[in-house]
Visitor: 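Let me give you the structure first, and then I'll get to my questions.
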Amino acid sequence: MATGAAAAREAVAPAIPGKAPSFLDSKMKAGPGMIGMAIFGVALVVGFIYAGTQLMGDLRDTHLTSVLPYILLGIALFTALGFEFVNGFHDTANAVATVIYTHSLEPHIAVVWSGMWNFIGVLVSTGAVAFAIVSLLPVELILQVGSQAGFAMVFALLIAAIIWNLGTWFFGLPASSSHTLIGSVIGVGIANQLMSVKSGTSGVDWAQATNIGKSLLVSPVVGFLGAALLLVICKAFIPNKELYTAPEGNAPPPFWIRALLVLTCTGVSFAHGSNDGQKGMGLIMLILIGTVPTAYAVNHAVTTQQTADFAAVSTQTADMLGHYVSPNAVVGDSRDEVTDYIRTKNFTPNTMLALRELVNGIGTEMSQYKQLKAVPQDKVRNFRNDMYVVSEALRLMQKAGQPVFSDPDAAILKNYKSHIDAATKFIPPWVKVAVALSLGLGTMIGWKRIVVTVGEKIGKDHLTYGQGAAAEITAMFTIGAADWFGLPVSTTHVLSSGVAGTMMANHSGLQWATVRNLVMAWVLTLPVAMMLSGSLYWVFRHVGN
């Protein structure tokens, strides 16, 4: 009887801050079972076989005479997917914390469910966030990504991000993979600028870095205030005590509350996949372009008809730009001139002439080759670089509003840029599949440490149903909006700050030791990632010299 009474008391005992109840602890130790492991294993094998088969098919016609590019490709892809794997330890795990601690889903079911929606989010992502990250990199390294400096850049920033993510995960700190990767990118840019002959193209695009930094800075504030406000509004308009009560024992919440929590977990998982899942994609594309440009420098999926349309639009655009060219303008190398504009943001009459010549040259070559996949191996990298600098120049002109184009001419430029981006800023489906599987595998293996921190160690009281829903809804919409605008944000920061906001709004109190550690991790992530990546870049640049 005593034993039964003790078990009953344990089943209804409130959560102790920093210590999971024994019934939840036993659930979190439980695995997905043989059937779950078999299903996940089959999905993993099928997915990676698909990705490998597609990659080999793309490489079949590259006609490389050396084995070195294949070795570099394998190592670089392994490192990039390793970053996504560790990313799964952190950000994906945040999505399941609320449904686990409100007993809406069993832990292993929640992880699998979240992984599936992360996978779907990655597959339908636009790629805008991926290329926003890439645009932070020094222009000269992007244009010479196949050089030693280019590979040093990719390896340095990926390895630095992996090291920091693993360290913070080990201590159960929900650090931001987005913050880490962007710090690594900035560190490489600064190191490259210090090591190079003084040239602005060797440094960081600080304007783009500032925009991304603002989104990373503002998003946790939005998470904190948004979740707190949402909880207060819910209390005012939904006076259901069950919604604001901590779970008792291990019983699931009422059906409608449970459905709401599962829905918000699904939304956060999907939004995370569509935003955070992109961060490694742009780097993987740089790796592919650097090692096998014949296959990946330009989009071979562009059809003959689309190529003909691109050529016609190029001619139209070149003719239109000719109306804005000063008769006194003179240029030597057109790409250098446009690249200098990207570096300095200083538009001159020579810039317009150089831009027109580049656009005209792109159109001429498009007409000559008929299809992008027909561009010769020895010319494809330069061809892509011309399109890249034109696209970046048009992006900056549009942002700065200088020079001023008439509305019809601005529409022509917008149409032309869409054609260029379709040819250069693409992500093959197999890359999305490989990234999604790496994220899912990381979640399956490393989810528990971060889940415990978010579920137990932020607030002094057990997470209520309403708090979990408010934090998840805020995170879902914040991340979704950021993805729409092509801005990288941190799932970790948004959700953990949302949980803290609901605790504050509910007068539950915060565990300040945990909050202090979270803030320290947030403050240190950027400088530590910068120092790590900058140092690794210096080492890699000197290896073999």
Side-chain angles (χ1 to χ4, degrees), residues 32 36-37 39-52 77-97 107-127 129-130 133 158 161-162 164-166 168-169 174-181 265-285 287 427-451 454 475-476 479-480 482-483 488-495:
M37 288 296 291
I39 293 174
F40 181 76
V42 169
L44 201 64
V45 171
V46 170
F48 278 120
I49 287 177
Y50 165 76
L77 285 179
F78 180 80
T79 307
L81 293 176
F83 165 75
E84 292 295 349
F85 172 75
V86 177
N87 187 5
F89 285 17
H90 275 274
D91 289 0
T92 315
N94 285 279
V96 300
H108 58 275
I109 295 176
V111 170
V112 173
W113 180 256
S114 174
M116 181 181 73
W117 284 99
N118 265 282
F119 183 87
I120 296 172
V122 171
L123 290 183
V124 303
S125 59
T126 63
V129 173
I133 295 289
L158 284 173
I162 290 172
W164 181 248
N165 279 345
L166 279 176
T168 51
W169 166 81
S176 165
S177 297
S178 307
H179 215 159
T180 305
L181 184 59
C265 169
T266 303
V268 171
S269 300
F270 177 83
H272 173 265
S274 66
N275 190 283
D276 281 53
Q278 295 188 51
K279 294 181 175 73
M281 290 182 191
L283 298 176
I284 289 175
M285 290 311 299
I287 291 166
I427 299 174
W430 71 261
V431 172
K432 294 184 177 184
V433 170
V435 166
L437 289 173
S438 298
L439 269 174
L441 185 60
T443 303
M444 292 286 288
I445 292 175
W447 61 275
K448 194 177 300 182
R449 288 178 183 268
I450 305 302
V451 166
V454 174
M476 178 175 65
I479 299 166
D483 185 42
V489 295
S490 167
T491 302
T492 298
H493 286 164
V494 175
L495 189 59

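Along the sequence shown, the residues carry numbers beginning at 1.
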Visitor: When rounded to the nearest 0.5 angstrom, what distance separates CG in Leu81 from CZ in Phe48?
Guide: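 Leu81 atom CG to Phe48 atom CZ measures 6.0 Å (nearest 0.5 Å).
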
Visitor: Provide the closest heavy-atom pair for Val431 versus Met285 in the form atom of the first, atom of the second, distance.
Guide: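 For Val431 versus Met285, the nearest heavy atoms are CG2-SD, 4.4 Å.
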
Visitor: Begin with the C-alpha distance, continue with both residues' side-chain angles, and end with the deciding distance and a verdict on side-chain contact (heavy atoms from CB on, under 4.5 Å) for Leu181 and Phe83.
Guide: CA-CA 9 Å; Leu181 184 59; Phe83 165 75; 4.0 Å; yes

Visitor: Can you tell me how far the CG atom of Asn118 sits from the OG atom of Ser274, to the nearest 0.5 Å?
Guide: 9.0 Å

Visitor: Does the side chain of Tyr50 come within less than 4.5 Å of Pro429's, by heavy atoms?
Guide: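 Yes, side chains in contact.
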
Visitor: Specify the closest pair of heavy atoms between Ala475 and Val494, including all atoms of both residues, with the distance to one decimal.
Guide: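 Between these two residues, the closest heavy atoms are CA-CG1, 3.5 Å.
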
Visitor: Once rounded to the nearest 0.5 Å, what's the spacing between atom CG of Leu166 and atom CZ of Phe85?
Guide: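 CZ of Phe85 is found 8.5 Å from CG of Leu166.
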
Visitor: Roughly how far, to the nearest 0.5 Å, is the CG atom of Leu158 from the OG1 atom of Thr180?
Guide: 12.0 Å

Visitor: Can you tell me how far apart CE (Met116) and OG1 (Thr266) are? Round to the nearest 0.5 Å.
Guide: 7.5 Å

Visitor: Pair Ile284, Ile427 - check side-chain contact (heavy atoms from CB on, under 4.5 Å), show working.
Guide: CA-CA 9 Å; Ile284 289 175; Ile427 299 174; over 6 Å; no

Visitor: Ignoring hydrogens, what is the shortest heavy-atom contact between Ile287 and Ala80? Give both atom names and the distance.
Guide: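 Ile287 and Ala80 have their closest heavy atoms at CD1-CB, 4.0 Å.
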
Visitor: Once rounded to the nearest 0.5 Å, what's the spacing between atom CH2 of Trp430 and atom CD1 of Ile49?
Guide: 15.0 Å

Visitor: State, to 0.1 Å, how close Ser114 and Val96 come at their nearest heavy-atom pair, and which atoms those are.
Guide: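 Looking at all heavy atoms of both residues, the shortest contact is CB-CG1, 3.3 Å.
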
Visitor: Please give me the minimum heavy-atom distance between Met281 and Ser125, naming the atom from each residue.
Guide: CE-OG, 3.8 Å

